[in-house]
Structures are given as structure tokens and as C-alpha cells.
Amino acid sequence: MMFAAAAAAILVALALAMVRAIQGPTVFDRVLAGNSVGTLAILLLAVIGFLTGRPEFLDIGLTYTLLNLIGTLAVLKFFRHGDLAYDVDTETRP
Amino acid sequence: MTVAVAVDVASFALMIVGSFFLVVGAVGLVRMPDVFTRMHAASVIDTVGAGFLISGMCLQAGASLVTVKLLILLVLFLFGSPIATHALAQACLHENIQPRLVEDRRAHRLPPATNADDGRQLS
């Protein structure tokens with residue numbers, strides 16, 4: 001029963017993070033909300049793994065933790081340099 | 001009160017506290033006035049919320065491989081979310097997003113100092 005309450009709380013937090021993702025005036029609000037949605041999804045995966053008695057969901061959560069971090073950094077790199085293939089060594093400074 | 005019941009009660013209490021702080025962090029994410037303060041509220045989700053929730057689940061799982069994987073997940077959260085927050089804050093400052101401050105004490109905006117720390121007069 002407590003896992004169902006934890007899952008409900010995670011869903012409420014997910015809805016609130018989606019409100020910020022839709023509403024955020026700057027793009028960095030949306031990146032922040034996206035990162036939080038990823039973290040909350042991983043926690044929801046762990047709780048659902050306990051609810052259904054399948055511990056394999058934790059492996060998916062571990063993988064997605066790393067993907068979430070790399071995705072956030074990739075989006076930020078794209079916004080800063082305009083190019084995902086930006087290389088600081090070959091860039092000529094003005 | 002057997003040990004199994006005590007572990008159950010402790011794990012449920014930890015999970016309730018963790019869920020509460022998840023909702024607190026998400027409400028802060030919606031209601032904070034500025035992107036920098038929202039970053040601080042979102043970090044509550046990653047550290048306190050996830051920490052308590054994963055601790056409660058570890059107690060439920062007992063001594064097994066599930067606990068090891070949950071602890072690895074917690075370590076990844078504790079290392080990964082400051083990296084993302086730091087990169088996001090640097091990106092915001094690079095775009096010259098001004099934080100909403102009552103008193104601006106940043107180093108490049110302070111007026112030049114007229115006194116040294118030990119009272120000497122600087123020119």
C-alpha cells in the first residue's frame with residue numbers, strides 16, 4: 001500500500017514538473033524541468049518494480065540515469081555553441 | 001514487536017518522508033520566482049526525495065542484489081544531479097540571465113573597495 005502512495009506522490013510531482021516545462025519563460029526552465037521529469041521517472045520505475053515484483057526495472061532505471069545526465073548536458077552544449085559537434089580545439093577565437 | 005514489523009514500519013516511514021519531499025521539491029519548482037531558485041528547489045527532488053525513497057526501498061528489499069542496485073542508483077543521483085545543475089547554472093549565466101536579487105553582492109558589480117579588511121585606507 002505504501003508503494004502505491006509513493007507512486008501517487010511521484011505522479012503528482014511529475015504533473016507539477018510538466019507545468020513548469022510548459023510554463024517556463026526561459027528555455028533553461030524547460031531544461032531543468034526535463035531533468036526533473038527524468039529523475040522522477042527513474043524513481044517511478046523503481047517503485048513500479050517493487051509493485052509488480054519485477055526487479056529488472058532497476059536496470060532500466062540505472063541506464064536512464066546516465067542517459068538523462070548526458071541528454072541534459074548535450075542540450076546545454078547545443079544551446080551554448082549552436083552545434084553538437086563543437087570542438088574547442090578547432091574553434092578559432094575572434 | 002518483531003524485527004520484521006519494525007523494518008516494515010521504518011521503511012514505510014522513510015518512503016512517506018521521501019514522497020513528501022518529492023512533492024515539496026515539485027511545488028518549489030512551480031512556485032519559485034526565478035530560474036536559479038528553481039534549480040535549488042529541483043535539487044531537493046534529487047537528493048532528499050530520492051535519498052529517503054531509495055532508503056525505504058532498500059529496507060524493504062533486505063540484503064539482496066536489489067539493494068545493491070538501488071544504492072548504485074542513489075550514488076549516480078548524488079553525483080549526477082550536481083553536474084547537471086552546475087552546467088545549467090553556467091549556461092544561464094553565459095546567456096546573461098539576471099538573477100532577481102534584493103542586494104547585488106556579486107564580485108564584478110560591487111563598488112570598488114575603499115578600505116582594506118584591517119582598516120587601512122585604499123586610494
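Every chain is numbered from 1, with letters handed out A, B, ... down the list of sequences.
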Heavy-atom distance under 4.5 Å to chain A: side chain of B:Val27, backbone, both or neither? both

Among residues 74-81 of chain A, which ones touch chain B with a heavy-atom distance under 4.5 Å? A:Leu76, A:Phe79, A:Arg80

Which residues in residues 44-52 of chain A have any heavy atom closer than 4.5 Å to a heavy atom of chain B? A:Ala46, A:Val47, A:Phe50

Given side chains that start at C-beta, do those of B:Met57 and A:Phe3 come closer than 4.5 Å, heavy atoms only? yes

Check whether any side-chain heavy atom of A:Leu73 lies under 4.5 Å from a side-chain heavy atom of B:Ile83, and answer yes or no. yes

Cut-off 4.5 Å, heavy atoms of chain B, and the answer for A:Leu58 is side chain

Under a 4.5 Å cut-off applied to non-hydrogen side-chain atoms, are B:Phe77 and A:Asn68 in contact? no

Leading residue by heavy atom contact count with chain A [cutoff under 4.5 Å; candidates B:Leu29, B:Val23, B:Leu22]: B:Leu29

Pair count under 4.5 Å, heavy atoms only, with chain B: among A:Asp59, A:Val27, A:Leu40, highest is A:Asp59

Answer key: most heavy-atom pairs under 4.5 Å with chain B among A:Ala5, A:Ala17, A:Ala9 is A:Ala9

Go through A:Val12, A:Thr26, A:Asp29 and name the one with the most non-hydrogen pairs under 4.5 angstrom from chain B. A:Asp29

If I measure from the heavy atoms of chain B, does A:Leu66 come under 4.5 Å with its side chain, its backbone, both, or neither? side chain

Calculate, to the nearest 0.5 Å, the distance between atoms CZ and CG belonging to A:Phe28 and B:Leu93 respectively. 9.5 Å

CG/A:Asn35 to OG/B:Ser81 distance, rounded to the nearest 0.5 angstrom? 7.5 Å

